[in-house]
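What follows is a single structure, written as structure tokens, with notes after it.
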Number of protein chains: 2
Amino acid sequence: MAVTIKDVARVAGVSASTVTRALTMPELVHPETRERVKRVAADLGYHPNRAARGLITGRTGNIGLLVPDLANPFFPSVVKGVQARAHEADYAVFLADTDEDATAEIGLVRKLSKQVDGLLLCSPRMSDDELRTIVGDTPVVLVNRRLARVPSVTPELLDGMRQAISHLTALGHRRVAYVAGPRSSWANRERVRSLRTVAAAAGAELVETGNVTPQFEGGVAAADQVLATGVTAVIAYNDLVALGLLNRFTARGVAVPGEVSVLGFDDIPLSAMVHPALTTVDLPKEQSGRAGVDLLLQLLAEPDRSPAARRELPTQLIVRASTGIAPRRV
Amino acid sequence: MAVTIKDVARVAGVSASTVTRALTMPELVHPETRERVKRVAADLGYHPNRAARGLITGRTGNIGLLVPDLANPFFPSVVKGVQARAHEADYAVFLADTDEDATAEIGLVRKLSKQVDGLLLCSPRMSDDELRTIVGDTPVVLVNRRLARVPSVTPELLDGMRQAISHLTALGHRRVAYVAGPRSSWANRERVRSLRTVAAAAGAELVETGNVTPQFEGGVAAADQVLATGVTAVIAYNDLVALGLLNRFTARGVAVPGEVSVLGFDDIPLSAMVHPALTTVDLPKEQSGRAGVDLLLQLLAEPDRSPAARRELPTQLIVRASTGIAPRRV
DNA sequence: TTGAAAGCGCTACCAT
DNA sequence: ATGGTAGCGCTTTCAA
């Protein structure tokens, strides 16, 4: 059995209460006693049982993190950010991968919510209504999604999209396709919304193709439709989809960027590793994770603040040398 | 406050004990009572507090998972496998990313070990001795590492290496470089060991270059040394390193696979997405995660089985069309 | 400044 | 088949 507070108390010759105090409210105990207790605790390798503590304090010291798909490199980056910040604040992280399944999401939330102080929902796929029911039960912060009166961390998509379209139009592109991600994705809806606004303002014609799974395969699947539209440039829902497009274009002998330019979203690490490198819009990833934890801790500290905190993090177009983007051929 | 067992007991008109029994040992309670209790529990949305339960049963229903770096796509795949299997068995997963830091690893293990039934250490970087101290405290299963008397899941590296070398020698390569990963990595030491054995048997000359970080940057850094050795083929510690090599070779105008062939390890998803695609040795990833959980559950169920269970999972050379491997030029 | 006692939510044991 | 009681490890009164 692990060493408990009683063991420490006995060895240090004090009561359990004093051990607690020495460790969590040091100023309330005599310096001499305090040091002795701390030394004994260290010697014995005592670490308080957080579950037992949680039973009393109502705080578990854990947070839950849900992501749709760890296989999409975007999410591991966010997770790393969450981990880093959480551990700094001495929180441990429950992780669940929902496999892009809104139903699984809800089940996992229920299961996790009992053992955590709060939940970080990253790009949740469930509906607004479903989200609402959860928000009622447990402190929740959204990453990559917004909902009225719920704290959230989101990227400045409108600005990112503006940068993307400016870049393309500066290179002479006038007809641009957008390969959409999952219909249930807020990120996708926001991209579409921003894109329409920005394209209209820039006088570019926007061609929207159907929704695809936000993975490599989605891009592969959409490539031929994109070519059929005769556009000179295509914006993909994310980098994985962009890579899928690239792959299928190459397979069909369509030169990138010679005949068609491809622009991605996310700036996953891999986008700089391929050749040609991907031109893409960098979304904050680690940073979103960290900011999400910050908001959650803040929410836990002062539960009845209003309105809900909302952080928007900047985005940045990344233009790389020898990339999949070129001026429009005349 | 959440609904507790007392609430259910009161509403159902029974004692707390009966509620427990109705829910966890249904056969011990009268069918009528059982149904009533279950209905009330469902109506009230009662879910037992796992922390409180764990206090008594000594079981938390949680497992801890440590990985060195989520940014390496190999690990998210393992994590997905762990998640999937764990949730099937109604376990929740604590995840910690150690950033390739052996010291951080130990700290995180200590912190997590109190709130989990067992630990899955994936490619741990700490020393054998450090590992030993942990194994004494908590049930541990190793993934991608071996240690005497500790259950583990590992890939059949020797066989994978044999496939790799056979492939290269069949294509005429006689001098092959190996770009090593972290010195603290068991996976790296095993690769080296297998490689020496297999290369000797195949009559190939092996040129070992220094250790690099197991990331894209590591490959970039090693590329020039590799070229200086004059080998016609190079095996990288993993796919990320292989991509780094590829990138730097290309930058220096060295044709791949024209002048030098590159072979990776892992078969991360991305290796099929790039162009040229990566020829690589597939290591079981999701499967290792699942197997690791299986072993851990088994260990928890029968703590004093011996000798330690040990599973070796098959590896497979993946040869792709238009890949970074070619016959040796004469 | 310290200790004793109560109790968090739950389950195990001993009654009945 | 069911209830009462004790106790898991810890913190928080309350009293001294």
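Note on naming: letters A, B, ... go to the chains in the order of the sequence lines (proteins, then strands), and numbering restarts at 1 for each one.
With hydrogens and angles disregarded, no donor-acceptor distance shorter than 3.5 Å links the side chain of A:Asn188 to the backbone of A:Arg183. A donor-acceptor pair under 3.5 Å links the side-chain atoms of A:Arg59 to the main chain of A:Leu300, judged by distance alone. At least one donor-acceptor pair under 3.5 Å links the side chain of A:Arg145 to the backbone N or O of A:Pro124.
Under 4.0 Å is where a charged nitrogen must lie from a carboxylate oxygen, and between B:Asp69 and A:Lys80 at least one such pair does. Taking 4.0 Å as the cut-off between side-chain N and carboxylate O, B:Arg10 and B:Asp7 count as a salt-bridged pair.
For the pair A:Leu28 CG and C:dG3 P, the computed distance is 14 Å after rounding to whole Å. Rounding to whole angstrom units, CZ of residue B:Arg59 and C1' of C:dG9 are separated by 20 Å. If you measure from atom NE2 of B:His47 to atom C1' of C:dC10, you get 16 Å, rounded to the nearest angstrom. Between the CZ atom of A:Arg10 and the C1' atom of C:dG3 there is a distance of 17 Å, given to the nearest Å. One interatomic measurement links the two molecules: CG of B:Asn49 to C1' of C:dG7, which rounds to 14 Å at whole-angstrom precision. Taking atom CG of residue B:Leu23 and atom C1' of nucleotide C:dT11, one finds them 12 Å apart after rounding to whole Å. When the P atom of D:dG9 is taken as reference, atom CD of B:Gln115 falls 16 Å away, rounded to whole Å. Rounded to an integer number of Å, the gap from B:Lys6 NZ to C:dC10 P is 10 Å.
Residue B:Thr18 has no polar side-chain atom (N or O) positioned under 4.0 Å from OP1 or OP2 of D:dA1.
Mapping A:Arg50 and B:Ser15 onto DNA chain D by nearest heavy atom places B:Ser15 at the nucleotide closer to the 5' end.
Axis deviation across the helix from C:dT1-D:dA16 to C:dT16-D:dA1 amounts to 40°, comparing end segments of five pairs, rounded to 10 degrees.
Residues passing the ring pair (Phe, Tyr, Trp, His ring centres under 6.0 Å) test with B:Phe94, sequence neighbours excluded: A:Phe94. Partners of B:Lys38 by salt bridge (Lys or Arg N to Asp or Glu O under 4.0 Å), not counting sequence neighbours: none found. Here A:Glu100 pairs with A:Arg125 under the salt bridge (Lys or Arg N to Asp or Glu O under 4.0 Å) rule; sequence neighbours left out.
Of the residues in residues 35-45 of chain B, none lies under 4.0 Å from DNA chain C by heavy-atom distance.
When the shell of 6.0 Å around CZ of A:Arg110 is examined, it contains 12 or fewer heavy atoms from other residues, nucleotides or ligands. For A:Arg34, the CZ atom sits in a packed shell: over 12 heavy atoms of surrounding residues, nucleotides or ligands are nearer than 6.0 Å.
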Practice problem: Produce a footprint string for nucleotides 11-16 of chain D: one letter per nucleotide, 5' end first; B if the base is under 4.0 Å from any protein heavy atom, S if only the sugar-phosphate is, - if neither. | Solution: BBB---
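Each of A:Leu66, A:Thr103, A:Val109 was compared with A:Thr98 under the side-chain contact (heavy atoms from CB on, under 4.5 Å) criterion, and only A:Leu66 meets it.
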